[in-house]
Amino acid sequence: MHRRIIVPSALGAASLMLAIPASAAAHSPGAPGIGDPYYPAYGNGGYDVSHYDLRLKYQPATDRLEGTATILARTTEDLSRFDLDFLLDVGEVRVNGARASFTTSGEQELEITPQKPLDKGTPFTVVVRYSGVPSSKEAFGFTSWHRTPDGGVGANEPEAAAWWFPANDHPLDKATYDVSVQVPDGTQAISNGTLQSTSSRLGWTRWNWRSDKPQATYLTTLAIGKFDVTTGTTGSGIPVVNAYSRDLGANDGAARASVERTGEVADWLSDYFGPYPFDALGGYVPNTTTGYALETQTRPFYSPRQFANGANVSVVVHELAHQWYGDLVSVRGWKDIWINEGFARYAQWLWSEHEGEGTAQELADYTYASHPADDAFWTVKPGDPGPENQFDAAVYDRGALALQALRNEIGDEDFLAILKGWPAKHAYGNASVADFRRYAEEVSGKPLAALFDTWLFQPSKPDTAAAHARSLAKTPETPGAPAQPRSWQKITATNDVHEH
């Protein structure tokens, strides 16, 4: 039965309006995206997550995942509804202990409506119970969950979380993590951070991992399978956990010969970038068919294909450099990808110097000479490459050229001060290319807008004067052109390191 309310006067109407709490009228749905122009659907508006507690059970034989995610967050606006990015099947959602209604929309939106609106600036807790087969889910035409012969792996960039846990899936919203995974005895579960404990009962083993420093969602990883796990410590005392699928075949030796040098490389990088910023370290190599590697925080993911031609420590240098440039300091928006990739590639150039296989300047000369002026390489703008070119080789190589140009312009002392000072200034936060330029000007005392524009934003090859090198006008085929550095093949073997 519907009762019709008749209000006999304007005064009565005003009285009825006053009966509705002003706060309820002001609440509205949070945005379905965090506001990144490259990926409008990624992340969500209206709240900030502080912690994810993930309690999972996984069956390798069927790729079935069951989970309960407890999310601690705080509102940043008055919310009547909010979204999480998620793809698996949801059975129940609770907000602050009370059942909430939910539905799905778009490619990956889980829309949650709590029983009571949430006021701005208040903490709240979300519990999501879910299940599904991650490898069966696609969003935007692809999957970020990789099936392996003995399990599965969640690792990708710029997104991976939605395939195995509900999240605010954008680097702007970092959080701490507890990841607890139950798997059949004899199977390992590898994740970020430190292994807190393992326990076995009735044929199942539970692995409990903790990341106690802010971590972006795409940097959070899970690998389940049969691994050979090695442990150790760096020279500075950081515990190292590495894991290798037991069925890597011919790539096994080269993978170990590379990844087992993780502690050494991290200690070396700390001389350039400052103290290692986390309390755990390592890497893992699952038996996937993917070709890329990824800087998953504290424990990078490596594809076996990275070692198909033998050991390559350069790729380890690249991913570990990201622990400072990409993980400790993350992009403000995905257009700022140069902050990640240009610096990780430049770290490979520094490693080449360290190994006596070519200086950074020699690598810069050869890179510059390798691309004639009409090469499409120069049309990609590393400072804002667009989503279609986010992982183009130019973002890496032209991005590293920009750093060598900066080094030549301001001198080694200021350049090295910037490399170390920048991660400390923005530790555990986010920053942009514009922020970096301002910081470089502050440290060096020089105006650098023209240099950054030339190397990062102009769709053309900089002239030789801008490049500060003797032989840059020549190509590798020209007599007297720069010789190919000995490290070149190892470095170019990592050109598709993030090609997804």
Side-chain angles (χ1 to χ4, degrees), residues 155 190 192-194 213 219 221 229-244 251-285 292-307 309-329 340-360 363 396 400 403 416 419-420 422-424 485-495 497-498:
I190 306 299
N192 312 78
T194 57
K213 294 292 190 295
L219 297 172
T221 191
V229 179
T230 67
T231 60
T233 58
T234 68
S236 56
I238 304 296
V240 181
V241 176
N242 297 322
Y244 308 89
N251 294 330
D252 182 77
R256 291 172 187 260
S258 306
V259 178
E260 287 299 304
R261 295 183 69 181
T262 290
E264 171 197 349
V265 170
D267 282 343
W268 173 79
L269 282 168
S270 68
D271 290 338
Y272 287 95
F273 298 156
Y276 179 73
F278 308 113
D279 61 0
L281 186 62
Y284 73 96
V285 189
Y292 60 85
L294 184 63
E295 64 270 19
T296 39
Q297 191 161 306
T298 71
R299 192 148 291 110
F301 158 83
Y302 300 97
S303 163
R305 280 171 51 189
Q306 295 294 326
F307 311 108
N309 294 319
N312 192 347
V313 180
S314 190
V315 70
V316 176
V317 171
H318 186 102
E319 301 310 329
L320 291 181
H322 278 313
Q323 303 305 304
W324 287 264
Y325 283 85
D327 296 10
L328 177 62
V329 184
N340 295 12
E341 303 305 345
F343 289 78
R345 175 52 52 87
Y346 196 77
Q348 293 176 271
W349 289 10
L350 293 174
W351 179 258
S352 174
E353 284 190 2
H354 173 70
E355 294 290 277
E357 296 185 338
T359 67
L363 283 157
Y396 298 68
L403 286 169
L416 295 175
L419 286 186
K420 189 171 289 187
W422 170 261
R486 283 194 295 140
S487 61
W488 183 256
Q489 295 300 325
K490 293 178 183 177
I491 293 172
T492 57
T494 67
N495 276 350
V497 68
H498 292 167

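Just so you know, residue 1 is the first one in the sequence shown, and it goes up from there.
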Of all heavy-atom pairs linking P277 and Q323, the shortest is CG-O, 3.9 Å

inquiry  = Given 3.5 Å as the limit, does a donor-acceptor pair link the side chain of T296 with the main chain of F301, or not?
reply    = yes

d(L350 CG, W268 CH2) to nearest 0.5 Å is 5.0 Å

Can you check whether V285 reaches F307 side chain to side chain, under 4.5 Å on heavy atoms?
yes

Can you confirm whether more than 12 heavy atoms, excluding those of D271, are under 6.0 Å from its CG atom?
yes

Here the gap from I238 atom CD1 to T233 atom OG1, rounded to the nearest 0.5 Å, amounts to 9.5 Å

Distance col, row Q489:CD vs T494:OG1, nearest 0.5 angstrom, shows 11.5 Å

inquiry  = Could you tell me if the side chain of R261 sits less than 4.5 Å from the side chain of V316, heavy atoms only?
reply    = no

Exactly one candidate in E355, Q348, R345, Q306 meets side chain to side chain donor-acceptor pair (under 3.5 Å) with S314; the answer is Q348

On a heavy-atom basis, the closest approach of P485 and L363 is CG-CD2, 3.8 Å

Taking the side chain as everything from C-beta on, heavy atoms only, tell me whether T221 gets closer than 4.5 Å to Y284.
yes

Closest heavy-atom pair, S258 versus A311, reported as atoms and distance to 0.1 Å, is OG-CA, 3.3 Å

Requested in this report: Without swapping roles, check the side chain of R486 against the backbone of S352 for a donor-acceptor pair under 3.5 Å.
Outcome: no

Worksheet item: Are the side chains of V259 and Y244 in touch, meaning some heavy atoms are under 4.5 Å apart?
Response: yes

Checklist line | Parallel, tilted or perpendicular: rings of H322 and H318 (30°, 60°) | finding: perpendicular

In short, T298 meets G193 closest at the heavy-atom pair OG1-N, 2.8 Å

- Query: Hey, do the aromatic rings of Y276 and W324 have their centres closer than 6.0 Å?
  - Reply: yes

Got more than 12 heavy atoms from elsewhere within 6.0 Å of NZ, K490? no

OH (Y302) and CG (N242) are apart, to the nearest 0.5 Å, by 8.5 Å

Exercise. Would you check if the side chain of R299 reaches a backbone N or O of V241 as a donor-acceptor pair within less than 3.5 Å?
Key: yes

Q) Are side-chain heavy atoms of L419 and F343 found at a separation under 4.5 Å? A) yes

Check: E295 main-chain N/O paired with E319 side-chain donor or acceptor under 3.5 Å: yes

In terms of heavy-atom contacts, T262 and L320 come closest through O-CD1, 3.5 Å

Smallest heavy-atom separation, Q297 atom then D327 atom, equals CA-OD2, 3.4 Å

Rounded to the nearest 0.5 Å, the OH atom of Y325 sits from the OH atom of Y272 at a distance of 12.5 Å

